[in-house]
There are 2 protein chains.
Amino acid sequence: MSPQPNKRPGRTIRSVQIAFNIIDLLQEEAGIGVTRIADELGHSKSTVHSHLRTLEERRVIVREGDGYRLGLRFLDVASHVRDQIGNFDIVQKEVDSLAEETGEIVQFGVEEYGKVSYLHKAQGEHAVETLSRVGTQQPMYSTSLGKTILAYLPPERIEEIAAAMEYEPKTANTITGPEELFAELETIREQGYGIDDEENIDGLRCVSAPVKNDETILGAISITGPSSRFTEDRLHGELADYVRSAANVIELNTKFS
Amino acid sequence: MSPQPNKRPGRTIRSVQIAFNIIDLLQEEAGIGVTRIADELGHSKSTVHSHLRTLEERRVIVREGDGYRLGLRFLDVASHVRDQIGNFDIVQKEVDSLAEETGEIVQFGVEEYGKVSYLHKAQGEHAVETLSRVGTQQPMYSTSLGKTILAYLPPERIEEIAAAMEYEPKTANTITGPEELFAELETIREQGYGIDDEENIDGLRCVSAPVKNDETILGAISITGPSSRFTEDRLHGELADYVRSAANVIELNTKFS
DNA sequence: ATATCTGTTCCCGCCTCGGGAACGTGGCTG
DNA sequence: CAGCCACGTTCCCGAGGCGGGAACAGATAT
């Protein structure tokens with residue numbers, strides 16, 4: 001883990017931190033019990049016990065066999081979150097249909113805390129496996145979604161995000177500094193779409209188009225595939241067209257909300 | 001809210017309770033700020049402030065405009081939860097295809113804390129609108145999913161759940177007591193599927209079939225529709241066949257996991 | 001300019017919460 | 001069957017975390 005960047009000062013509450021450490025742990029590994037959790041987090045069993053009781057009462061975790069797992073309540077929360085984002089169904093529909101049409105991976109992402117979070121993902125028939133998962137975050141400088149969203153954010157927010165950025169080279173092509181990034185953003189604004197040329201994962205290329213609502217950017221939609229199928233020509237040609245028209249459809253449907 | 005039934009004694013941690021009260025509040029109403037939350041929960045602003053800081057650092061909530069909403073991290077958590085349940089993709093696929101085939105509402109539910117929780121839901125073309133939502137809970141005695149799952153749980157667990165049950169009549173047909181419930185469970189075990197004849201919501205009927213793995217029940221799959229289309233004959237005939245064969249497909253695919 | 005919202009910060013004192021240790025229990029081993 | 005160990009649970013204590021009140025700071029509207 002890298003040192004967390006979003007650290008505004010202010011007081012933070014220890015018990016709540018512990019509670020979420022437990023949740024994080026159970027997210028990674030289900031079915032463990034008091035002792036194991038206590039060990040893992042470096043707390044006494046009694047402490048962990050009280051927390052588990054609390055979380056259990058809240059339906060956050062569930063006792064199953066001997067051990068705990070996260071509760072189904074999270075499914076409910078997630079569905080509320082999607083509703084709050086707004087227009088999720090339209091995004092979902094469009095992403096799904098583009099994935100089916102092209103057979104590749106199609107994703108929709110938004111900016112959160114200076115990173116890209118995937119809101120929805122669909123994979124077509126001959127899609128490559130990727131690790132990305134709905135709700136997880138990726139850096140903005142190494143993904144086409146990230147760069148595209150960034151390009152259309154308000155200038156002051158771009159500055160803010162760029163200032164907090166730590167450029168970690170993920171492949172040989174990854175953008176490594178601000179000058180390079182700003183140039184890229186300019187290019188994206190000119191051509192109206194963004195490219196990831198094996199900058200995040202070796203062998204994978206993407207194109208993204210921004211989805212805006214009245215000049216404010218909502219997110220971006222991308223299509224991902226292996227470099228073998230995603231040649232320069234196709235990237236800038238038909239594939240770019242695909243994402244731009246999908247973005248357009250979403251924009252039209254969200255206009256009057 | 002009825003008095004929470006799952007109250008095992010043991011100490012519970014106040015700060016964590018407060019944190020989840022905030023989360024619950026934001027789930028219902030996004031975009032509110034410190035003052036409003038403090039009012040609503042009856043805490044001081046400083047208290048709420050510290051909590052918001054903590055939750056923000058944890059990516060649980062996000063500041064948006066002036067106000068907070070739940071973070072996309074919940075989408076990630078939810079997807080982990082589904083994975084932990086196991087065989088979610090198979091369930092999803094089967095539920096979706098049955099919904100498309102019949103055009104009605106199809107759901108898959110499991111037992112959690114003595115209630116039914118919906119794991120997945122799909123609605124076909126001419127499906128009625130219902131309030132049920134993925135992750136939410138319903139009583140076991142008034143739904144076909146609940147009764148069907150209950151019927152196949154181990155006897156001692158049935159006792160346990162039934163003992164804690166509070167029978168609240170949702171419609172004129174709702175089961176109102178243990179004798180009636182146990183008789184119904186017996187019927188379900190005999191015929192291999194469960195019926196909800198407007199017992200939960202007026203005008204709606206359902207059929208459910210159990211999904212088992214080696215004699216232990218995993219959950220149940222149901223189909224729901226208006227009484228006008230769901231006649232006695234169809235319920236016990238083709239509709240029951242539908243859910244039973246879908247349940248069968250799921251069972252076959254989960255057998256070797 | 002004044003008033004009134006908001007979010008933030010700073011303390012203080014009570015009481016909560018984390019920890020250690022003891023207890024109860026079930027499962028495995030000899 | 002006795003013994004042991006691992007587990008979850010309970011009890012109690014003392015330190016310090018946490019909730020609250022009040023003062024401060026910005027923003028917006030009047």
Side-chain angles (χ1 to χ4, degrees), chain A residues 4 6-26 29-71 113 154 156-157 160, chain B residues 4 6-26 29-71 113 154 156-157 160:
Chain A
Q4 62 271 33
N6 338 324
K7 197 164 49 188
R8 283 208 280 165
R11 199 172 45 167
T12 191
I13 289 165
R14 201 156 96 97
S15 323
V16 178
Q17 297 278 15
I18 295 174
F20 278 99
N21 285 335
I22 293 176
I23 292 174
D24 286 353
L25 190 58
L26 285 175
E29 186 171 0
I32 57 182
V34 179
T35 312
R36 179 75 189 285
I37 296 173
D39 277 356
E40 207 83 32
L41 299 179
H43 289 289
S44 75
K45 284 196 293 179
S46 61
T47 301
V48 172
H49 187 72
S50 307
H51 276 275
L52 290 177
R53 275 282 163 77
T54 312
L55 296 176
E56 193 181 5
E57 190 192 298
R58 285 310 201 125
R59 285 191 56 224
V60 171
I61 62 173
V62 181
R63 192 181 188 115
E64 195 172 69
D66 35 24
Y68 291 88
R69 64 163 174 82
L70 299 182
Y113 283 126
E156 68 274 13
R157 180 113 188 87
E160 199 180 344
Chain B
Q4 62 270 31
N6 337 323
K7 197 163 50 188
R8 283 207 281 165
R11 198 171 47 166
T12 189
I13 288 163
R14 200 155 95 98
S15 323
V16 178
Q17 297 278 15
I18 295 175
F20 278 99
N21 284 335
I22 293 176
I23 293 174
D24 285 353
L25 191 57
L26 285 175
E29 186 170 1
I32 57 182
V34 180
T35 311
R36 178 74 189 286
I37 297 173
D39 278 357
E40 208 81 32
L41 300 180
H43 289 288
S44 74
K45 284 197 292 179
S46 61
T47 300
V48 172
H49 188 71
S50 308
H51 276 276
L52 289 177
R53 275 283 163 75
T54 312
L55 295 176
E56 194 180 4
E57 189 192 298
R58 283 310 199 123
R59 284 190 58 226
V60 172
I61 62 174
V62 181
R63 191 182 189 116
E64 195 171 68
D66 35 25
Y68 291 87
R69 65 163 174 80
L70 299 183
Y113 281 126
E156 68 273 15
R157 180 116 188 85
E160 198 179 346

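Residue numbering restarts at 1 for every chain, and letters A, B, ... go by the order of the sequence lines.
- Considering only side-chain N and O atoms, B/Arg53 lies under 4.0 angstrom from the phosphate OP1 or OP2 of C/dT9.
- Atom P of nucleotide D/dA22 and atom NZ of B/Lys45 are separated by 12 Å, given to the nearest angstrom.
- When the P atom of D/dT9 is taken as reference, atom CD1 of A/Ile37 falls 11 Å away, rounded to whole Å.
- Side-chain N/O atoms of A/Gln17 and B/Thr54 include no donor and acceptor closer than 3.5 Å.
- Atom-to-atom, CD of A/Gln17 to P of D/dG16 comes out at 19 Å; the value is rounded to the nearest Å.
- Of the charged side-chain nitrogens involved, at least one lies within less than 4.0 Å of a carboxylate oxygen, so that A/Glu40 and A/Arg36 count as a salt-bridged pair.
- Across the protein-nucleic acid pair, B/Arg11 atom CZ and D/dG8 atom C1' stand 15 Å apart, rounded to whole Å.
- Contact check, B/Thr47 against D/dG20: a side-chain N or O comes under 4.0 Å of OP1 or OP2.
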Legend entry - Full working for side chain to side chain contact (heavy atoms under 4.5 Å, CB included) between B/Thr12 and A/Arg53: CA-CA 6 Å; B/Thr12 189; A/Arg53 275 282 163 77; 5.6 Å; no
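- When side chains are defined from C-beta on, B/Val48 counts as touching B/Leu52, because their heavy atoms get closer than 4.5 Å.
- Counting to the nearest Å, the P atom of C/dG7 and the OH atom of B/Tyr68 are 8 Å from each other.
- The side chain of B/His51 places an N or O atom within less than 4.0 Å of a non-bridging phosphate oxygen (OP1 or OP2) of D/dG19.
- Of the side-chain N and O atoms in B/Arg14, none sit less than 4.0 angstrom from OP1 or OP2 of C/dC14.
- If you take CG of B/Asp66 and C1' of D/dA29, they are 15 Å apart, rounded to a whole angstrom.
- In this model, the phosphate group of C/dG18 is approached by a side-chain N or O of A/Ser15 to a distance below 4.0 Å at OP1 or OP2.
- With hydrogens and angles left out, the side chain of A/Ser46 and the base of C/dG20 share a donor-acceptor pair within 3.5 Å.
- Within the 4.0 Å cut-off from OP1 or OP2 of C/dC5, not a single side-chain nitrogen or oxygen of B/Thr35 is found.
- If you measure from atom CG of A/Asp39 to atom P of D/dA6, you get 12 Å, rounded to the nearest angstrom.
- Surrounding CG of A/Asp66 are at most 12 heavy atoms belonging to other residues, nucleotides or ligands under 6.0 Å away.
- One interatomic measurement links the two molecules: CZ of B/Arg36 to P of C/dC5, which rounds to 15 Å at whole-angstrom precision.
- Using a 4.0 Å cut-off, some side-chain N or O of B/His49 falls inside it from OP1 or OP2 of C/dT8.
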